[in-house]
Amino acid sequence: MKINVSVFGEVNGNTVKAFTLNNANGMSVTLLNYGGIIKDITVPNAEGKPIHCVQTFDTLQEYIDDPSYRGAIVGRYANRIGHGTFFLNGTQYTLDKNGGEHNLHGGFAGFHKKIWQASTDELDNSASVTFKLHSPDGEGGFPGNVKVEACYTLNNDNELSLELSATTDKETPLSFTQHAYFTLSDDDKVGSTLLHIDAEQVTDADSSLLPTGKLVDIGGTPFDFLSLTPIEKRASQQASHALFDRVGGYDHNYVLRAAKGSEPQATVMAPDTGISMELFTTLPGLQFYTGSLESDEQLGALCLEPQHFPDAPNKPAFPNCFVKPEETFKAAIRYKFRAG
């Protein structure tokens, strides 16, 4: 397998490169060392037509200006930390408030706007790009010097995997995710796209999207994707559930059930193109988001963001998100694509 490297642009005197991984089946993935971004995923359908499976921009400036984290690796902490603060070992930490009254996706100096160091590895059956980043102590208000590594690998089974790891010299909350906007259909909207999420609950949230600490059973609600179901079919049930109306659409953290061997935590399938994607992750939550909740971009694409639960630093009952100096944060995300 081969990796093609080209110059994509320049920001603040730093060269931004595009790394295109190609497998034997005609699938390709293009990555940027700006934000660790997935710029493009192209998969041939059963007739050999290339289907572009994520939203993309043509220029670096569009990614620089983009407020929506499109395709990026998100950190230090994916999703929200309530009121931009948390307590740890008797100390209160004050964070950037870049999401209304809350800290969102790591704050103003998030990983999505950073230049990452990059290295490549080509093997017979796979190709990898490893991105590395240092986040200094105090960045965004978070404690600890954090060293992050993100390794993308494409293989000949049409699998794109992302292995995430990090170390810190002070105890700190860590939660990284991949923020691709998936569009497996040729339609302008994802309403006809089928979705399965292996979860029976979502975390309850207030009108500012901050978890209340409660879990909500989703059977028979607009959030129920335990079986493969068109997204617009579930969305049409919105009047039956206050949480959907309160948020204004899909922007919710699903409480994933324990992994069951080879079964995916989520599946997406577009009937018109025949392309499907299975998502596997070791993280406990999955944020399902369908575009801007305040414009006609709703249902324009879908995000499936594996993560620790939002506001877990302030919710001791949620899965632990704190990493100590003697520990290594590790998480895995894998996307398996099929044609027809």
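In this text the structure is predicted, and so the values were computed from the model without any measurement.
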Would you kindly confirm whether [X] and [Y] end up in one hydrophobic cluster when ILVMFWY residues are joined by side chain heavy atoms under 4.5 Å apart?
X      : Y      : value
Ile37  : Val54  : no
Phe131 : Phe8   : no
Val29  : Leu184 : yes
Met27  : Phe280 : no
Ile231 : Val268 : yes

Aromatic ring proximity [X]/[Y], centre distance under 6.0 Å:
X      : Y      : answer
Phe244 : Tyr250 : yes
Tyr77  : Phe176 : no
Tyr335 : Phe182 : yes
His112 : His179 : no

As an exercise, state the distance from [atom1] of [X] to [atom2] of [Y], rounded to the nearest 0.5 Å.
X      : Y      : atom1 : atom2 : value
Phe318 : Phe309 : CZ    : CZ    : 6.5 Å
Leu304 : Gln265 : CG    : CD    : 11.5 Å
Ile81  : Ser175 : CD1   : OG    : 8.5 Å
Arg334 : Thr153 : CZ    : OG1   : 12.0 Å
Glu163 : Ile333 : CD    : CD1   : 9.5 Å
Leu226 : His196 : CG    : NE2   : 7.0 Å

Non-hydrogen atoms of Gly144 and Thr168 that approach each other most closely: CA-OG1, 3.8 Å
Shortest non-hydrogen separation from Arg234 to Thr221 and the atoms involved: CD-O, 3.6 Å
Where the side chain of [X] meets the backbone of [Y], is there a donor-acceptor pair that is under 3.5 Å apart?
X      : Y      : value
Asn33  : Ile115 : no
Trp116 : Glu149 : no
Thr281 : Ala332 : yes
Ser126 : Leu123 : no
Asn320 : Phe322 : yes
Tyr181 : Ser68  : yes
Asn314 : Thr85  : yes
Asp66  : Glu62  : no
Lys336 : Asp157 : yes
Thr177 : Pro306 : yes

Flag side-chain contact, heavy atom, 4.5 Å: Asp217 against Gln201: yes
Just by distance, with hydrogens left out, do [X] and [Y] show a side-chain donor and acceptor under 3.5 Å apart?
X      : Y      : answer
Tyr152 : Gln178 : yes
Asp187 : Ser192 : yes
Glu101 : Ser208 : no
Asp40  : His52  : yes
Thr56  : Tyr63  : yes
Gln307 : Asn253 : yes
Asn45  : Thr273 : no
Thr30  : Thr20  : yes

Identify whether the distance between the nearest side-chain nitrogen and carboxylate oxygen of [X] and [Y] falls below 4.0 Å.
X      : Y      : value
Asp198 : Arg257 : yes
Lys170 : Asp137 : yes
Arg246 : Asp204 : yes

Other residues, nucleotides, ligands: >12 heavy atoms within 6.0 Å of [X] [atom1]:
X      : atom1 : result
Lys132 : NZ    : no
Lys147 : NZ    : no
Lys17  : NZ    : no
Asp65  : CG    : yes
Gln117 : CD    : no

For Asn25, all residues meeting side chain to side chain contact (heavy atoms under 4.5 Å, CB included), sequence neighbours excluded: Asn23, Asn158
Steps toward side chain to side chain contact (heavy atoms under 4.5 Å, CB included) verdict (Leu215, Val202): CA-CA 6 Å; Leu215 304 181; Val202 295; over 6 Å; no
Candidate pair Asp186 and Ile51, rule side chain to side chain contact (heavy atoms under 4.5 Å, CB included), full reasoning: CA-CA 8 Å; Asp186 281 335; Ile51 304 299; 4.2 Å; yes
Phe337 and Ile41: CA distance, side-chain angles, deciding distance, side chain to side chain contact (heavy atoms under 4.5 Å, CB included) verdict: CA-CA 10 Å; Phe337 291 86; Ile41 298 175; 3.9 Å; yes
Plane angle bin for Tyr254 and Phe223 - parallel if under 30°, tilted between 30 and 60°, otherwise perpendicular: perpendicular
Aromatic plane relationship, Tyr69 with His105 - under 30° parallel, 30 to 60° tilted, over 60° perpendicular: perpendicular
Pairing residues for Asp169 by the salt bridge (charged side-chain N to carboxylate O under 4.0 Å, His left out) criterion, not counting sequence neighbours: none
